[in-house]
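The structure appears right after this line, and notes come after that.
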Amino acid sequence: MSLYEQYPVSIYNSLNKQKEVFKPIHEGRVGMYVCGPTVYSDVHLGNVRTFVSFDIMFRYLLYLGYKVRYVRNITDVGHLVGDADEGEDKIAKKARLEELEPMEIVQKYTNGFHDVMRLFNALPPSIEPTATGHIVEQIEFIKQIIANGYAYEKDGSVYFDVRKYNKDHQYGELSGRNIDEMLSNTRELTGQDQKNDPLDFALWKKAEGGHLMRWPSPWGVGFPGWHLECSVMSTKYLGEQFDIHGGGMDLKFPHHEAEIAQNKGCCHKGGANYWVHGNMLTVNGRKMAKSEGNGFTPEQLLTGNHKLLERGYSAMTVRFFMLMSHYASTLDFSNEALQAAEKGYKRLMASLSLVKKLPSAGTGSVDEQKSNELKQHIEQAFKDLSDDFNTAKAIANLFEVSTKINTYYQQPAELAKIDADIFNWVITHFRGIIFDVLGLKNETDLAQNNNVLDGAMQVLIELRKQAKFSKNYALSDKIRDDLKAAGIQLKDEKGGEMSYTID
RNA sequence: GUCGGGAUAGCCAAGUGGCAAGGCUUCAGUCUGCAAAACUGACAUCACCGGUUCGAAUCCGGUUCCCGACUCCA
């Protein structure tokens, strides 16, 4: 029996506003699409949170034994900036400012995005398609929507006919809106005259004279509209109907709503069965966003070089911090919270390192109850992760296992009572969940693999042992304190042995 | 204004009907030459007011406050 049959996954589906048992269209296979970044500037920590959230889903589904095709796009056509349709596109604007080709801007920030994803140990998606690489497909998609009667051409642009669509389908089903209310609340916008209706949105925009990104189409030279690429690329790589579509909460409307409309307008199918939305990272209760000026780059985070940061935090500390809350809750950033996460993360890693030093389990008379208690923490962690990817709850159970491991290390007699098969199963998945599902790495381990440093440390440890043996505590304390000041923590262990960790 | 999400200890954060997870902090103890780490223990009338129920943080009604979307946003 596969893990996914043992621990069936439930997902909160934004479309139905309830948690549902996850049933993929094809047994054992999952198609997942996530809206990626628009590459016109550096990603900030809020963006990272979303991609880490979906990285967990990808990793967990893989861990359970699903074959997953994970598609995450790169939006390299700038969405319009400024009011309505008169604005420029972000990438073109940036290109003009920096006197670069738009594709140079795109390349620069795509590289940056990949660097950040690697830093935070997010797995690369199976396919990472770009909007500019799918102009032809987008044009074909528009043609079909027009043929189905849900779009119209006007002066070189093509608009989606929301009212017409709403007669046959329900526009607003995802975000809980209805078009009459929306209409009465629409702000007065300039440059709307081309549209038949303010609710309509562009599928294809005519390129004005100075517009840098432009392609020929049946309707003239222009560029694809705001929401089209995701409909087109998810359909191309995952099919007209697929399993999971994810993105940040702020994309729910209008982006995802428009996507569903486009999908149905073209293919009569709504795309994803399960819509999943990650919540925002907040700072002092407010959304982290460029316009708020409260965002910082991952680089600033690591160095601590930002007014919001008391000091730097490692990428794994931050990843762990994010996983201590549920993806659908807002997560408030603070130095205090990050420092708490850092300690918790180190605690988890320390117990994990201890596993190697443990003697064999089950060498005494096995206590079934204690063995099962241990096992249940891992089983519960699986159930937690299967319950809408509740990493916060799963981590609570991992900490329980941590405590057990620490106890076994200090009292091997306790480990002797644990059934060996159960213990091995627990450790296998304890490591598996931490490394493969949560995607954490042991940052201090990397330093310990440095043989030269380790050699030097052994010399110092030997010196301290001798000093302690001859009761020269002034010297033994100096060795310990000076190493501490240099960022290395010495620990005395039972039997006179010493170990060290690097901060 | 419309739609949606929140309010849980000093901090972060799980928990959607049955004695309030977990991490950090603080305090006490064990261990230690002293530490650190680890282990053990202590620390919450779940924003407010009503209602339903044998039983409510959880369900229903109301109040206050906060946030997000409705413009590009992860």
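Just so we're on the same page: letters track the sequence lines, and every chain starts at 1.
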Testing B:G33, B:G23, B:C73 for proximity to the side chain of A:K468, the answer is B:G33
Considering only atom C1', compute the distance from B:C27 to B:C46 and round it to an integer number of Å. 24 Å
Is any side-chain N or O of A:R177 closer than 4.0 Å to OP1 or OP2 of B:C70? no
Plane angle bin for A:F223 and A:H211 - parallel if under 30°, tilted between 30 and 60°, otherwise perpendicular: parallel
Measure from the side chain of A:S476, starting at C-beta and using heavy atoms only, and say which of B:A69, B:G4, B:G33 lies closest. B:G33
Residue-phosphate contact under 4.0 Å: A:R286 side-chain N/O, B:C67 OP1/OP2: yes
May I ask you to say what A:Q489 touches in the nucleic acid, namely base, sugar-phosphate or nothing, with a heavy-atom cut-off under 4.0 Å? sugar-phosphate
Among B:G23, B:G4, B:U25, the one nearest any side-chain atom of A:K252 is B:G4
Distance test, side-chain N/O of A:N406 to OP1/OP2 of B:A38, below 4.0 Å: no
RNA chain B: 5'-proximal contact among A:M249 and A:T282 (nearest heavy atom): A:T282
Does a distance-only test, which skips hydrogens and angles, find a donor-acceptor pair under 3.5 Å between the side chain of A:N397 and the base of B:G22? no
Of the nucleotides B:G33, B:C70, B:C11, which has the atom closest to the A:R464 side chain? B:G33
Please give, in whole Å, the distance from B:C73 C1' to A:H255 NE2? 11 Å
Please pick, from B:C73, B:C12, B:G33, the nucleotide with the shortest atom-to-atom distance to any side-chain atom of A:L251. B:C73
Quick one: is B:A69 close enough that its OP1 or OP2 comes under 4.0 Å of any side-chain N or O from A:K287? yes
Classify the angle between the aromatic ring planes of A:H256 and A:H245 as parallel (below 30°), tilted (30 to 60°) or perpendicular (above 60°). perpendicular
Side chain A:R480 and base B:A35 donor-acceptor under 3.5 Å: yes
Against the side chain of A:E336, the closest entry in B:G10, B:G68, B:G33 is B:G10
Roughly how many Å is it from CD1 in A:I74 to C1' in B:C73, rounded to a whole number? 16 Å
Between atom CE in A:M322 and atom P in B:G22, what is the gap in whole Å? 25 Å
Inter-nucleotide P distance (B:U30, B:A44), Å rounded: 24 Å
Once the angle between the rings of A:F321 and A:F333 is folded into 0 to 90°, is it parallel (under 30°), tilted (30 to 60°) or perpendicular (over 60°)? perpendicular
Between the base of B:C67 and the side chain of A:D332, is there any donor-acceptor pair under 3.5 Å? no
Using a 4.0 Å heavy-atom cut-off, write out nucleotides 14-21 of chain B from 5' to 3' as B (base contacted by protein), S (sugar-phosphate only) or - (no contact). SS-----B
Counting heavy atoms from C-beta on, name the nucleotide in B:C39, B:C70, B:G22 closest to the side chain of A:P254. B:C70
Would you classify A:L281 as touching base, sugar-phosphate or nothing, given that sugar-phosphate means primed atoms plus P, OP1 and OP2, and contacts are heavy atoms under 4.0 Å? base
